[in-house]
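Residue numbers start at 1 and run along the sequence shown. FYI, side chains are in, hydrogens and waters are out, and symmetry mates aren't considered; it's all heavy atoms of this structure.
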Amino acid sequence: MRDLIGEFATHYVTDLEKQLDSGNGQPSIQNPVLFLFLGDKCVEALQAVCALNKQSWQNGNGVLYVHAFQEETWEHPQVLGCRLPRPEASKQTMRTSIYERFVQDESFKMELNKALKLASVRVAEMGKLFTTFQQVNIAVVTRADDPAAILLPELTLLLKSYLAELFKNVSVDLYVLLQEKNSGEAFGFSAALSVSFLEEINRYQRSDFNFSENLLVTEDLVKLPVEHRNAPLFSLVYMLSDKTEHGLFLEAGMEENYELISKLVLLNNKKAEREFSENSEGYNKLQFIRSITVDTGQTNFASAGLSKVKRPTHAIALTVLSAVFDRYLERLKAGENLPKTKAREKLGLTAHDLERKIRSVMPEDHALEEMTGLMTSGVSYSELSGMNLREAELALFDGSSQAFFEANVARGARNRVDSLSLQESLAQLIQREWVDDERLGLYAAYQLTAEQANGANLLEELRTGIRETTRQLEYTKTELEELYQQRVDRQEIRVGGFFTRDKERVRTFVRHLLSMIYSKKFELLEWELTLELLLQLEKQVEKIHREIGVKVDELEGLQKQLREIAQKSVREASDYLGKNMDEYYESVVTETIRSLEAQRGSGFYLESRFIGNGSLLFQSGIAGLVERLCQFCRAEILTRSTFALSFEAELLARANVAAAYENRTVLTKEDLFQDLSLVLEERAAVHIEVFHFLQKHRYEEKYLFADIRNDFVQYVLRSADRTRTYKQGCIHEEQKSGIEKMNLMGGFGMEDLMFYRNNKKYHASYEESGFVFHRRGGDEWS
């Protein structure tokens with residue numbers, strides 16, 4: 001059942017997002033971008049960033065990815081792989097051995113040149129997908145603890161040199177992934193590797209960094225130098241950790257960094273803004289670089305944080321499903337309760353009906369007449385006259401009269417009473433006349449059969465009948481006993497005079513005895529059968545009530561479960577997105593169903609072509625009802641325009657929901673926007689922890705990715721305008737079904753990094769223990 005509910009919500013989310021994000025607001029990058037993922041530890045990042053770019057950018061199919069790997073890569077039409085030398089098995093020289101094998105083995109250089117040359121050509125061939133073709137951006141991604149990162153300058157500058165042959169301007173940015181949350185395995189070695197790489201980055205980013213090596217190799221093994229003079233290797237270096245600046249680990253860890261990389265590359269290569277606001281400043285990469293550069297000569301880095309909110313479509317779908325079921329259950333409970341007279345008539349349980357049923361199972365009166373032919377003993381009338389009627393019957397028949405009555409009258413009647421319930425059980429009757437009747441329904445049937453009920457109370461009626469019948473039965477038994485105690489000589493019968501034969505006298509008495517006693521026993525049998533029938537009906541009603549009760553419990557359990565699932569989804573949508581959810585969608589669902597009822601009739605959804613009435617539970621169970629409920633919501637409710645609002649419109653609608661003054665849980669529009677703004681800011685904390693990062697070095701920019709014309713964006717731009725000390729803007733994405741906020745922060749140096757400060761001791765200790773992490777040789781830049 002939970003799977004059905006989950007699938008329902010997921011399908012709604014998918015369908016609506018396709019409708020809302022139809023491509024009108026999907027962003028594009030304006031110039032070609034080439035990603036270089038360095039090392040085996042970047043496979044997950046490669047897959048995630050590629051998928052994100054393809055999904056998020058209109059021209060994402062035109063982006064190329066190069067993966068420089070040693071053993072593990074990912075095959076994809078947009079990915080070009082180039083193999084790097086495998087490291088030595090020894091951890092002591094693992095990192096430096098990669099560089100040494102690369103320098104010494106010309107075959108690696110040859111293959112690398114072929115791959116990077118092909119990549120540059122492929123990028124050029126995709127030029128038609130971009131608005132600007134004079135510039136290309138290389139986005140280099142690597143893990144700080146990947147040994148292959150030692151080859152960062154070689155791969156970066158070789159790729160840059162090939163792209164420079166085809167583009168006027170080539171810029172290179174580096175995205176360094178720092179994994180601080182460690183399971184405990186090899187944490188010291190991983191920390192030492194990371195520190196080694198960070199120290200190298202610190203050198204690469206100096207303003208006097210120089211590089212010159214014969215890396216460019218032709219097919220004839222002719223070597224050409226690749227050079228870089230007196231400038232940082234990268235335009236920007238982003239440090240992205242799985243820990244925020246507040247020292248808190250991120251729930252999703254690296255996954256959030258992958259999304260940040262995609263968003264940062266978009267920001268650095270986006271199209272020029274066409275939508276402006278007086279409170280919004282556009283992003284300028286060169287200005288950001290200048291702003292984070294300080295006069296101390298220290299190498300400076302940047303980081304970023306991203307938070308996002310989307311229309312809580314999943315929570316909306318589940319809240320609507322729960323609200324629709326509430327209306328449906330209300331309609332089932334609103335079934336008419338018939339007065340007891342009509343109920344008894346409808347079920348065929350009036351006194352006349354019961355009498356007719358009993359008469360139908362009783363034999364004809366001639367069955368008693370046949371008893372007069374029973375054989376009698378040779379007892380004389382004079383002997384009988386001194387007895388009571390019981391003694392006389394025993395003397396005459398020695399029990400054969402009672403046996404005959406039992407065999408030929410009572411047993412057949414009892415069997416026929418048992419068969420009455422087989423012809424059409426009371427359960428079938430209640431199912432047809434109550435449960436299947438839209439005017440009555442399952443809950444009316446439940447009330448009808450309940451111990452305590454409003455209106456007709458079938459059990460009370462039956463038990464009253466049982467009590468009355470039991471009294472009549474006891475009274476008739478008493479009458480029979482009194483008859484048996486009467487003396488034979490006191491009977492008012494004509495047995496003839498002195499000359500009448502004894503046999504005639506006995507025969508006359510026998511007819512009198514059988515008529516009087518067995519007529520009363522016949523009457524007693526009728527009462528016994530009536531009582532038996534009523535007791536059977538009582539058991540049936542109790543059983544029916546239990547069976548209906550199971551269905552009622554399932555319905556009320558489903559209501560509780562739907563509410564819990566919806567509320568859990570609302571909570572997961574975050575506090576600021578779940579506000580006013582129940583109040584708003586309760587009213588919207590109620591109004592929608594009222595509108596549909598006006599068109600199709602009250603309770604139309606109880607028809608079998610929609611949800612159906614309570615009988616569906618007996619046919620298909622609770623899962624069948626849930627399936628029908630989901631189909632009904634999908635086809636009849638969620639197709640209404642009210643349920644297809646954009647993030648902004650839906651948020652506004654909930655912000656303005658009418659509620660009682662004393663309901664403090666309902667927020668005003670201003671409160672809702674304020675909450676949303678605060679949470680967006682809190683969750684956009686940058687993904688790096690710094691130590692004593694002085695305010696004068698800290699430079700910040702904050703950007704919303706949203707439709708700049710929506711009210712919430714304008715609220716944010718206006719509210720912070722007077723007091724802010726940072727640059728703020730909105731990257732316009734038309735008709736976007738959500739809002740994202742990116743915080744950029746830069747100006748910190750290597751010594752400001754808590755990661756670096758905490759892990760330097762591992763690096764130093766490993767080196768003292770004979771581990772070699774850096775290049776060995778006399779390179780002028782090393």
Side-chain angles (χ1 to χ4, degrees), residues 23-37 49-50 52-66 77-80 116-141 156-175 231-238 260-277 280-291 302 304 701 703-708 727 729-734 736 740 742 744:
N24 294 329
Q26 204 175 23
S28 300
I29 50 176
Q30 67 170 350
N31 50 266
V33 170
L34 175 61
F35 281 86
L36 171 60
F37 286 84
V49 172
C50 181
L52 285 164
N53 294 345
K54 192 171 184 179
Q55 177 186 339
S56 306
W57 304 347
Q58 280 189 22
N59 50 1
N61 287 330
V63 177
L64 193 66
Y65 304 82
V66 174
Q78 290 173 254
V79 176
L80 286 176
L116 298 186
K117 179 65 175 178
L118 176 60
S120 66
V121 172
R122 286 272 302 272
V123 171
E125 288 173 345
M126 295 177 183
K128 61 184 178 182
L129 297 174
F130 306 93
T131 55
T132 302
F133 195 66
Q134 302 299 311
Q135 176 176 319
V136 66
N137 177 238
I138 304 173
V140 183
V141 181
T156 301
L157 291 172
L158 183 58
L159 181 57
K160 183 177 180 181
S161 68
Y162 278 123
L163 288 170
E165 296 173 2
L166 301 170
F167 296 89
K168 290 183 178 178
N169 187 12
V170 181
S171 64
V172 189
D173 300 319
L174 175 64
Y175 302 86
L233 179 57
F234 300 100
S235 300
L236 276 169
V237 174
Y238 292 98
L260 256 177
I261 291 170
S262 174
K263 193 63 70 174
L264 284 166
V265 172
L266 170 66
L267 186 68
N268 286 316
N269 297 277
K270 67 178 180 60
K271 290 182 178 179
E273 294 290 339
R274 289 177 293 183
E275 294 282 342
F276 295 99
S277 169
S280 176
E281 301 176 75
Y283 173 75
N284 185 295
K285 181 179 178 180
L286 292 176
Q287 182 183 343
F288 180 74
I289 293 170
R290 284 196 297 269
S291 298
E701 295 185 6
Y703 295 96
L704 295 172
F705 290 79
D707 192 319
I708 198 169
K727 185 179 177 183
C730 177
I731 310 303
H732 178 63
E733 294 181 10
E734 190 174 355
K736 187 178 178 68
E740 298 175 356
M742 178 183 282
L744 299 178

Practice task
Using modelled atom types only, decide if a donor and an acceptor are shared between the side chain of Gln78 and the backbone of Val63 within a distance under 3.5 Å.
Solution key: yes

Practice task
Evaluate the side-chain proximity of Phe705 to Pro27: yes if any heavy-atom separation is below 4.5 Å, no if none is.
Solution key: no

Exercise for the section: Kindly indicate whether the side chain of Asn268, heavy atoms from C-beta on, has any atom under 4.5 Å from the side chain of Leu236. Expected result: yes

Handout entry: Heavy-atom side-chain contact between Ile138 and Thr156 under 4.5 Å
Key = no

Problem - Under 3.5 Å donor-acceptor, Asn31 side chain and Val136 backbone - result: no

Practice task
Evaluate the side-chain proximity of Phe130 to Thr132: yes if any heavy-atom separation is below 4.5 Å, no if none is.
Solution key: no

Exercise for the section: Write down the atom of Leu80, the atom of Ala119, and the distance for their closest heavy-atom approach. Expected result: CD1-CA, 3.6 Å

Exercise for the section: Keeping the roles fixed (side chain from Lys727, backbone from Gly282), state whether a donor-acceptor pair exists under 3.5 Å. Expected result: yes

Handout entry: Separation of Tyr238 OH from Ile261 CD1 (nearest 0.5 Å)
Key = 11.0 Å

Problem - Side-chain donor or acceptor of Asn59 paired with backbone N/O of Gly62 under 3.5 Å - result: no

Practice task
Applying side chain to side chain contact (heavy atoms under 4.5 Å, CB included), run through Met742 and Ile731 and close with a yes or a no.
Solution key: CA-CA 10 Å; Met742 178 183 282; Ile731 310 303; over 6 Å; no

Problem - Student check: side-chain heavy atoms of His732 and Asp707 closer than 4.5 Å - result: yes

